[in-house]
Amino acid sequence: MTNVKATNITWHEGNLKRTERWDALKCTGATLWFTGLSASGKSTIASALEQVLVQMGVNCYRLDGDNVRHGLNKNLGFSAEDRAENIRRIGEVARLFADGGAVTLTSFISPYRADRDLCRELHGNDGLGFFEVFVDTPIEVCEQRDPKGLYKKARAGEITGFTGIDDPYEAPNTPELVLETANKSVDECVQECVNFLRERGVFRG
Ligand code: ADP
């Protein structure tokens, strides 16, 4: 699906520079890419972090796996090819949000290293910060949590191609941040993210 079909198109450079936008809006765009098994805690942490950041006055927007599959990516399933396209589109959307000045939080299993690396590259080529957050929760813990009952269904054979059960999860080799959620509260994980963003200079003022 990533075949280039559009021809005779030319990039139109706008008048407004990114730095002009960011300075005027007092924001710094970047993407925090959460990856991990289903039920590892990506959505819970990203959602709590979004609230904390916005309350602090940080321009922040969250793209959530299931939510995006309701709209933009509703025509994609869970084959390796569709998963790749799902992540590629999210990578492009995150890049646009980051360019617009938002601290963009993405919470997708994004199980394949190559797909995440592509998103990193998309940001890097555009001079935008991309930080991979590995939500490192052992599968036993995820399966015990099972908030949506998906592991139960996967074990019963009602769902196939389920990450961690009969589909692989490739953990990041060098994530910028690792959150070990098994023995930490959601608030502690959120605080680690806030500290990390501060260290990386993503906050202003
Ligand atoms: P994912 O988005 O990775 O599929 P969810 O956020 O939907 O995962 O579910 C994670 C579950 O784990 C939630 O029920 C949440 O309350 C629970 N949980 C327990 N401890 C933590 C923690 N430290 N961080 C995130 N979630 C946690």
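If you read the sequence from its start, that first residue is 1, and numbering goes on from there. Whatever order the structure lists ligands and atoms in, that order sets their numbers, starting from 1.
- Residue pairs meeting the salt bridge (Lys or Arg N to Asp or Glu O under 4.0 Å) criterion with at least one partner in residues 45-61, sequence neighbours excluded, are E50-R62.
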Quiz item: Which is it for E199 and N195 under the side chain to side chain donor-acceptor pair (under 3.5 Å) test, yes or no, and what are the steps along the way?
Solution: CA-CA 6 Å; E199 278 163 24; N195 294 344; over 6 Å; no
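- The minimum heavy-atom distance linking Y169 with S110 is given by the pair CE1-O, 4.2 Å.
- Protein residues with a heavy atom under 4.0 Å from ligand 1 are L37, S38, A39, S40, G41, K42, S43, T44, I45, R145, P147, T181, K184, S185, V186, C189.
- Sorted by first and then second residue, the ring-ring contact (aromatic ring centres under 6.0 Å, His included) pairs involving residues 26-52 (not counting sequence neighbours) are W33-F130.
- Take K153 and apply the salt bridge (Lys or Arg N to Asp or Glu O under 4.0 Å) test, not counting sequence neighbours, and it matches no residue.
- D66 and K148 are joined by a salt bridge, as a carboxylate oxygen and a charged side-chain nitrogen come within less than 4.0 angstrom of each other.
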